[in-house]
Amino acid sequence: MFDFKLFKKNKNSQARLGEITTDHGKIETPIFMPVGTQATVKAMSSRELKEIGSQIILGNTYHLYLRPGDDLIAKAGGLHKFMNWDRPILTDSGGFQVFSLANLREIEEEGVYFQSHLDGSKHFISPEKSMQIQKNLGSDIVMAFDECPPYPAEKEYVEKSLNRTLRWAERCKKEMETARGQALFGIIQGGVYPELRKQSVEETTKFDFPGYSIGGLSVGEPKEEMYKMLDYTTPLMPEDKPRYLMGVGTPEDLIEGIYHGIDMFDCVMPTRIARHGQIFTHQGRKTIRNATYKEDFSPLDSECDCHVCQNYSRGYVRHLLKRNEILGVRLTTYHNLYFMLKFSEEIRQAIKDDRFIDFREEFYDKYELK
Ligand code: PRF
Ligand code: ZN
């Protein structure tokens, strides 16, 4: 079971309001998806994830295949059961992680040979293998096995890679024919070359996937370049399918992505910076570890109504972080994820009320960009 309904389109931008239905429930879009690489959103229990309103989380083929192994997770009854998460899960295919983490990778037509970033052991992942792993995990949304070229990369290389990704997409689709209740998303590549993005959209959509993601962005190119590519690419994509911008998800990226018609985002940033003592506020990012906050007994963000902001002060959280107390990281993670989810909800409400453009303006007026 997989369905996408488009409820509303914003008049003065490409922002959209929609809803995805999966076997594990519905997802309102636009949405931010917390990242749970190792079958856990770091520092968050599934009860807390529900408490802050997470509708869908992300898992990673590459990491779970290496440890604890997808066969073990299958034995446990799938990833949902293994990690006690009964709402939707999206899994990335491993392609991107192999390219960014593994050592000595070798890309061939058949698939990718690589050595584990953990112990150097040798492995091979093909489109078929990635699909088999994701079938074992039992995620609701499965990503095609693609190649994400680095930035910068020669146009010739990006084109070659793009065509291989297309041939891999076909193999992924074939392998998923036997899967039930799992929707396979195609991935648009093409680097920062408009003609290649266009070709990728045209060829990938021929497979009629239930959803499409934009990959290969936020890989080191300037932000302006990423927004330019979005501006060019999303209007070429089918209106009636969800659009997912992979690995992108700061507050400002959400605003700009949604402005350009993106429905789904994921990013490790909110949880990663939380572990380094940084928090989101309506005024921008703040490093709560800094001495400035030593005697600050106000909430992390005075405009946030999360459990942490209602009950703990900046000074206290700073003390916990400085002492490396486990609770410190739990509290900053909880707040940062709540911030992203509440922010998504406010954007959905703004689209509903026909005031997305005003909302965007108000955000930039207040939020200090670094
Ligand atoms: N492909 C896949 N996963 C990804 C990316 C990609 O291009 C990116 C790029 N931002 C993040 N995660 N499969
Ligand atoms: Zn808060």
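Treat the numbers as computed from the prediction; the structure is a model and nothing was measured. Indexing begins at 1, ligand by ligand and atom by atom, following the structure's order.
The shortest N or O to N or O distance between Val248 and ligand 1 is not below 3.5 Å. Among the atoms of Ser218, none of the N or O lies under 3.5 angstrom from an N or O of ligand 1. At a 3.5 angstrom cut-off on N or O pairs, Ile187 does not count as close to ligand 1. Checked against a 3.5 angstrom limit, the closest N/O atoms of Val219 and ligand 1 fall outside it. Considering backbone and side-chain N/O of Asp146, one or more are found under 3.5 Å from N/O of ligand 1.
Using modelled atom types and a 3.5 Å distance limit, the side chains of Gln134 and Thr91 yield a donor-acceptor pair. Lys135 and Thr178 share a donor-acceptor pair across their side chains, judged by distance under 3.5 Å alone. Asp253 and Tyr227 form a side-chain donor-acceptor contact under 3.5 Å, judged by distance and modelled atom types alone.
Heavy atoms of Gly95 come nearer than 4.0 angstrom to ligand 1 in no pair at all. Using a 4.0 Å cutoff on heavy atoms, Gln97 does not count as a contact of ligand 1.
Summary: ND1 is the N/O/S atom of His335 found nearest to the Zn ion (ligand 2).
The Ser93 neighbourhood of ligand 1 comprises atoms 13 (N), with distances under 4.0 Å to a heavy atom of that residue. Atom numbering of ligand 1 starts at 1 in the shown order; those under 4.0 Å from a heavy atom of Gln189 are 1 (N), 6 (C), 7 (O). Shown in contact with Cys148 at under 4.0 Å from a heavy atom are these atoms of ligand 1, numbered in order with element: 6 (C), 7 (O). Those atoms of ligand 1 with a heavy atom of Leu217 less than 4.0 angstrom away are 9 (C), 10 (N). Atom numbering of ligand 1 starts at 1 in the shown order; those under 4.0 Å from a heavy atom of Gly215 are 6 (C), 7 (O). Of all atoms in ligand 1, listed by their number and element, those nearer than 4.0 Å to a heavy atom of Gly216 are 6 (C), 7 (O), 9 (C).
Between Lys228 and Val192, the closest side-chain pair of non-hydrogen atoms is not below 4.5 Å. The shortest side-chain heavy-atom distance between Tyr244 and Leu90 falls under the 4.5 Å cut-off.
For Ala350 against Phe359, the heavy-atom pair with the smallest separation is CB-CB, 3.8 Å.
Note: Phe343 and Phe339 have parallel aromatic rings, judged against thresholds of 30 and 60 degrees for the angle between ring planes.
Counting non-hydrogen atoms of neighbouring residues, nucleotides and ligands closer than 6.0 angstrom, the NZ atom of Lys75 reaches no more than 12 such neighbours.
Put simply, His307 stays out of reach of the Zn ion (ligand 2), with no N, O or S atom under 2.8 Å from it.
A cation-pi arrangement is not found for Arg197 relative to Tyr232, the charged atom failing to lie both closer than 6.0 Å to the ring centre and inside a 45° cone about the ring normal.
In terms of modelled atom types and a separation under 3.5 Å, the side chain of Asn336 and the main chain of Phe280 share a donor-acceptor contact.
Considering only non-hydrogen protein atoms, atom 3 (N) of ligand 1 sits nearest to Asp92 OD2, 2.6 Å.
The side-chain hydrogen bond (donor to acceptor under 3.5 Å, both in side chains) with Asp140 is formed by just one residue from the set Gln182, His80, Arg87; it is His80.
Here atom 12 (N) of ligand 1 lies nearest to Phe96 when heavy atoms of Tyr244, Phe185, Tyr62, Phe96 are compared.
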